[in-house]
Amino acid sequence: MTTHPVLIGGEWTASTGTETFQASNPTTAEPLPDLFPVSPWGEIEQAIHAAAEAAKLMRGWPGARFAAFLEKYADRIDARSEELATTANLETALPKDGRLAGIELPRTTNQLRLAAAAAREGTWATATIDTATNIRAMYGPIGPVVVFGPNNFPFAFNGVSGGDFAAAIAAGNPVIAKGHSSHPNTTRIFAEEALQAALETDMPPALVQLIYRCDHADGAKLVSHPLMGATGYTGARSAGLYLKEAADKVGKPIYLELSSINPIFVLPGALEERCQDLAEEFAGSCLMGTGQFCTNPGIVVLPAGEAAEEFIAAVTEKFNSAPVGTLLGEGVQHSMASGIFALQSAGAHVIAGGDSGGGSGYSHQNTLLQVDGAKFLADPEGLQTEAFGNCSLLVIAEDIDEMTAIADSLEGNLTGAIYSDTGGCDDDVYDQLAAAVRPHVGRLLNDKMPTGVAVSSAMNHGGPFPATGHPVFTAVGIPASIHRFSMLQCYDNIRPHRLPLALQDQHPGGGMWRLVDGTWSQADV
């Protein structure tokens, strides 16, 4: 078998590496035939230098040029949508029509087009002009960006097509994509179309490059290289923290999405009012996509009582009777089993499922665990272990004060939800609980499961550590996500013709808003 080439400097080139890997079909647990390379350091460094040259060439280019690339790329993805959905289904076992073709691929191209619109319009750069001092500033590109994609979103978070990629390009940076080993063929198709889109829109050939895999030491060297601008990473906490340590040592920005258990708190009135409906809503959310969402509800905190027992019985029945889905790969299966074992070791007991298997290929039984509030508070770290997949932990609290104490003990999460009575009988305790939950979550929800992440300018897909590496930034939502891959560039007493177009007295056009002497304006200075 031949080994697929890597994309370096605009050319599909045979890798110089001697190691290879194969993806697996999760449904059959059998390896797929294609071989992909593990790139050695010399090859990675070639990509870095090519990206650095592209970054120099593009410095000062208007956003419209990057917008043209992003829009052309989105069009080319649409033209290969059938092949992409078929390939990703084979590599991930995610449903082809209902998930990949019908939801995730349109979301991916929509993100690219939204990023294009933001790049063309330009307000994201926050051009600021102080005429009294002749000091002007704006956000501009930070330099080459490496994007590490995860296993669970082969389109929308892919290193060469997802939200981090779109944001980095919109900010004016070249991207080195580090593919995920579970869906390399899917990533290859995206990279083929990205290269063609770059050539058709007169972008540097090294605007987009792709390596499929590297060892951990070389990954650390990549994110900390002097020529790199920043890193976007979505994936396992252990690997992310390893990269963060390397980047932090040399002051390189790295934006991480690591892990989250996304707590759900159900207040007494809500439980009494609509117990069965809540049980169905929770089970549907937790088991959707075999639980392989970073916003999957991994913990539910309930007040003790008959209504809680009714909820537990209903959810247990739903977990036991629901079909067991296929997991993304062998690593996810092992990780989920390890997480469940850790939760049991910390004091939780299994009330549904608990064992590996039960479905096609890589799988694990739908698993529900339970623990009381006092035990949770005795070991909050152990009982917040993430079991990524079709699994959740029910925590039974004595009263609202214990629920609040549990909230106070939480690590940082992407989301947190509070369910309350629609008639208002929980209002007197809601504020107490919400005040405890709010500092621990990026997105606070009411009466809604967290698994949907809308592509909205108001969305925050981020949160306090360890959900992410920095609580100020979001991985979803334009224009906010673009700022991660930019730097604030100030110009003091620069001659007018030397200023970026966005900072010159004449308005650059395109609808950009600029902050001129403290007032937002679309006019000339």
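Position 1 is the first residue of the sequence, and the numbers go up from there.
Panel note: side chain D421, backbone G423; a donor-acceptor pair is recorded below 3.5 Å.
Under 4.0 Å is where a charged nitrogen must lie from a carboxylate oxygen, and between E280 and R274 no such pair does.
Side-chain N/O atoms of R107 and N110 include no donor and acceptor closer than 3.5 Å. Checking T290 against N390 by side-chain atom types alone, no donor-acceptor pair falls below 3.5 Å.
The shortest non-hydrogen separation linking V223 to L243 is CG2-O, 3.6 Å.
Geometric assessment of R99 against the ring of F153 yields a positive cation-pi assignment under the 6.0 Å and 45° thresholds. Geometric assessment of R213 against the ring of F36 yields a negative cation-pi assignment under the 6.0 Å and 45° thresholds.
Under the 30°/60° scheme for interplanar angles, the aromatic rings of F282 and F311 are found to be tilted.
Annotation: F473 is not in aromatic contact with H483 [ring centroid separation under 6.0 Å not met]. If you look at Y73 and F165, their ring centroids are closer than 6.0 Å. Aromatic ring centres of F155 and F190 lie closer together than 6.0 Å.
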- Task: Before giving the answer on ring pair (Phe, Tyr, Trp, His ring centres under 6.0 Å), spell out for Y255 and H470 the whole-Å C-alpha distance, their side-chain angles and the decisive distance to 0.1 Å.
- Result: CA-CA 7 Å; Y255 301 101; H470 199 300; 7.1 Å; no
